[in-house]
Amino acid sequence: IFKINKLDDNFYEELEAHLLQGDLGLELTEEIIREIKNKKFSQLLEVRIFLKEYLCALFSGLNNNLNLHPEIINVIIFSGVNGTGKTSSIGKMAYYLKSLGYSPVISASDTFRAGAIEQIKIWGERAGVEVIAQKEGSDPASVAYNSLEFAKARGKNVVLIDTAGRMHTKTNLIEELRKIERVVEKNLGYPVIENLLVIDATLGQNVIKQVEIFKDALNLTGIILTKLDGTAKGGVIFNLVKRFSLPVKFVSIGESIEDLKIFQPEEFIDNFLI
Amino acid sequence: NLTERLQNIFKRLRNRGLLSEKDVEEALREIRQALLEADVHYKVVKDLLNKVKEKSLKEEVLKNVSPFQQVLKILYEELVELLGKERVGLNFGKKKPALIFLVGLQGSGKTTTCVKLAYKLSQEQRRVMLVAGDTFRPAAVEQLKILGEKIKVPVIQEGSSSKEIIDNALKIGKERLMDVLIVDTTGRLHIDEEMMKELEDLTNTFSPSEVLLVLDGMTGQDAINIAEKFKQRIPITGIILTKLDGDARGGAALSVRAVTGKPIKFIGVGEKVFDLEYFYPDRLAGRILG
Ligand SMILES: Nc1nc2c(ncn2[C@@H]2O[C@H](COP(=O)(O)OP(=O)(O)OP(=O)(O)O)[C@@H](O)[C@H]2O)c(=O)[nH]1
Ligand SMILES: Nc1nc2c(ncn2[C@@H]2O[C@H](COP(=O)(O)OP(=O)(O)OP(=O)(O)O)[C@@H](O)[C@H]2O)c(=O)[nH]1
Ligand SMILES: [Mg+2]
Ligand SMILES: [Mg+2]
């Protein structure tokens with residue numbers, strides 16, 4: 001879009017098309033275009049600067065660090081709808097935290113989906129991290145409990161809890177996640193340190209409904225945005241950050257163990273505006 | 001919702017006869033909002049609205065139908081038309097066993113859908129075998145075997161490359177007088193040259209009677225890019241839209257239809273083996289409109 005030469009109606013139409021096609025959503029797109037028009041810019045460069053500043057401002061004040069304390073057991077829960085990348089993100093996170101000097105253990109609390117336990121055991125092997133599991137069909141909260149006991153006994157300071165994918169519209173399944181949070185808090189005497197919602201960058205406006213429901217039920221502390229190595233721009237993130245003040249902590253840009261990166265707002269925005 | 005919003009617009013209209021361009025423009029703005037919120041692609045929305053505008057301005061307002069109902073009816077009909085009017089079944093081709101490939105992006109629901117299809121076909125008294133063609137994802141074959149076991153359908157994985165696995169499965173399938181082989185494939189990005197080349201190579205080698213693109217029903221604007229690239233490289237014969245048991249409006253369906261022209265054959269509505277439904281365009285049209 002920034003190859004166009006003058007700020008005419010054609011330009012605004014192209015800009016609108018670009019923003020919408022990046023999944024920014026109609027409401028935020030119209031708001032931004034209105035603000036740009038009100039500024040009565042004469043230069044293309046002014047528009048680009050304004051856009052970048054506007055989008056960057058949405059992330060200001062948000063803490064996108066993991067709030068880990070090395071002397072306690074830090075529990076990180078990974079939740080989200082089906083197929084977004086929770087299990088593989090845990091493998092990558094275990095590898096990343098180990099490289100920082102933490103000693104993580106993985107809780108195979110997806111006891112529902114076929115092959116979920118086998119899948120995360122392989123990720124555990126890749127990361128050099130132990131996986132605590134029970135058999136398929138057991139209570140996810142009980143696997144979490146066992147993982148905490150294991151962590152205490154073996155001096156592990158991070159417990160990464162995998163959960164089964166679930167639609168936000170299934171109330172009983174959302175309740176199951178609340179139970180895991182409660183069991184952890186009861187066992188440790190303090191809350192889960194991070195509850196990260198794993199969001200697939202190829203998904204559209206429904207993500208907003210997902211966050212609404214998950215955030216209302218759980219103590220969500222952040223987002224992991226996956227599959228940014230595709231062609232999707234993940235523009236729904238701007239709306240999420242604006243509406244829920246939920247920080248994006250990590251992005252996943254591929255299927256290898258080192259493909260989990262700390263979220264950089266400026267880099268994300270530059271890629272969005274291309 | 002859209003119906004109420006259009007109703008409010010047209011309440012103010014008193015004239016009978018042809019709808020004025022201004023009336024239609026106002027209605028189209030509301031419709032545009034509804035479609036974009038439903039994840040219909042920007043360009044598909046544009047084309048659709050032009051068609052609706054053209055038809056709305058041509059048609060004389062019927063005696064017992066309000067102008068808004070008229071525009072809504074035209075829109076609904078255009079949607080159903082675009083989604084594909086007739087129900088299209090699976091093509092089993094001439095050779096036995098028939099080969100069905102399921103392809104698509106990572107996490108779209110291919111493995112689960114392979115099992116759902118196997119269940120449906122075995123309920124129809126066909127002899128089915130599942131082929132574990134995903135050699136990349138950790139425990140992909142375990143996932144398929146556990147699910148296959150539940151529905152008593154054999155899962156075959158003999159060989160180390162996808163090509164070998166399918167080739168061996170065909171031999172075994174012929175020996176065991178199988179009717180259909182359903183092949184699960186590795187999730188891949190439409191822009192991953194190596195992976196798309198592999199798929200191109202597999203479809204050229206084996207000429208499956210069905211290559212079904214499995215797409216997550218919650219996909220946003222990117223659906224156009226995905227559909228375009230897959231259609232460019234391989235002979236897609238149909239589409240399966242998954243995860244429509246949530247509340248995503250499913251606008252990606254229109255994008256995929258517009259780009260590929262291929263029929264949506266099934267929709268996934270849950271994680272269980274029987275959560276596969278035939279596709280009904282009128283139902284999805286209503287869902288997209290909200
Ligand atoms: N290209 C790409 N693929 C990814 C990325 N993250 C995850 N995947 C792939 O997406 C697929 C699903 O990942 P999983 O980790 O199984 O997702 P999940 O959320 O645990 O899935 P369920 O437990 O079934 O809900 C796998 O094939 C992953 O390799 C990413 O950043 N890029
Ligand atoms: N709610 C719901 N979940 C589904 C549906 N179809 C598949 N899933 C779930 O989506 C997740 C991903 O499904 P898979 O079958 O592993 O997807 P895949 O395309 O084989 O993934 P990769 O092999 O990693 O590319 C799993 O949790 C499935 O149970 C559906 O129609 N509804
Ligand atoms: Mg998982
Ligand atoms: Mg699979």
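Each chain gets a letter, A, B and so on, in the order its sequence line appears, and its residues count up from 1.
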Problem set entry | chain A contact via B:Asp192 - which portion, at a heavy-atom distance below 4.5 Å | neither

For this session: Against chain B, work out which of A:Gly204, A:Gly165, A:Ala201 has the most heavy-atom pairs shorter than 4.5 Å and name it.
Result: A:Gly204

For this session: Between chain A and each of B:Ser108, B:Gly109, B:Ala139, B:Gly251, count heavy-atom pairs under 4.5 Å; write down the option with the most.
Result: B:Ala139

Exercise. With only heavy atoms counted, which part of B:Lys229 is less than 4.5 Å from chain A, the side chain, the backbone, both or neither?
Worked result: neither

Exercise. Is it the case that A:Ser252 and A:Lys92 place a side-chain donor and acceptor less than 3.5 Å from each other?
Worked result: yes

Exercise. Out of A:Asp216, A:Leu246, A:Val236, A:Asn239, which one pairs with A:Val211 under the side-chain contact (heavy atoms from CB on, under 4.5 Å) rule?
Worked result: A:Leu246

For this session: Tell me, yes or no, whether the heavy-atom count around B:Lys150 atom NZ, taken from other residues, nucleotides or ligands under 6.0 Å, exceeds 12.
Result: yes

Exercise. What's the shortest heavy-atom distance between A:Asp139 and A:Lys179, and which atoms?
Worked result: OD2-NZ, 3.0 Å

For this session: With a 4.5 Å cut-off on heavy-atom pairs, point out which of A:Glu30, A:Lys227, A:Lys233 contacts chain B the most.
Result: A:Lys227

Seminar exercise, completed: Highest number of heavy-atom pairs under 4.5 Å with chain A among B:Arg32, B:Gln33, B:Lys43 belongs to B:Arg32

Exercise. Do A:Phe238 and A:Phe268 have ring centroids that are under 6.0 Å from one another?
Worked result: yes

Problem set entry | Region of B:Leu144 that comes under 4.5 Å of a non-hydrogen atom in chain A | neither

Problem set entry | Part of B:Asp247 lying under 4.5 Å from any heavy atom of chain A | both

For this session: Please determine, by modelled atom types, if B:Asn50 and B:Asp47 share a side-chain donor-acceptor pair under 3.5 angstrom.
Result: no

Seminar exercise, completed: When the 4.5 angstrom heavy-atom criterion is applied to A:Glu27 and chain B, the contacting part is neither

Exercise. Between B:Asp134 and B:Thr186, does any side-chain donor sit less than 3.5 Å from a side-chain acceptor?
Worked result: yes

Problem set entry | Cation-pi check, A:Lys37 onto A:Tyr12 ring (under 6.0 Å, within 45° of axis) | yes

Problem set entry | Greatest number of heavy atom pairs closer than 4.5 Å to chain B - which of A:Thr87, A:Asn206, A:Thr169 | A:Asn206

For this session: Would you mind telling me which of A:Leu26, A:Thr231, A:Asn82, A:Ile122 has the largest number of heavy-atom pairs within less than 4.5 Å of chain B?
Result: A:Thr231

Seminar exercise, completed: Answer key: most heavy-atom pairs under 4.5 Å with chain A among B:Lys46, B:Gln106, B:Glu142 is B:Gln106

Exercise. For B:Arg137, is it the side chain, the backbone, both or neither that has a heavy atom under 4.5 Å from a heavy atom of chain A?
Worked result: side chain

Exercise. Salt bridge or not for A:Arg178 and A:Glu175, using N-O below 4.0 Å?
Worked result: yes

Exercise. Which atoms of B:Leu189 come close to chain A, meaning under 4.5 Å heavy atom to heavy atom: side chain ones, backbone ones, both, or neither?
Worked result: side chain

Exercise. Below 4.0 angstrom, N of the basic side chain to O of the carboxylate: do B:Arg233 and B:Glu193 qualify?
Worked result: yes

Exercise. Side chain, backbone, both or neither: which part of B:Glu271 has a heavy atom under 4.5 Å from chain A?
Worked result: side chain

Seminar exercise, completed: Whatever's closer than 4.5 Å to a heavy atom in chain B on A:Val207 counts as neither

Exercise. Between the side chains of A:Asn172 and A:Glu176, does any donor sit under 3.5 Å from an acceptor?
Worked result: no

Seminar exercise, completed: Looking only at A:Ala114, A:Gly25, A:Gly115, most heavy-atom pairs under 4.5 Å shared with chain B are made by A:Ala114

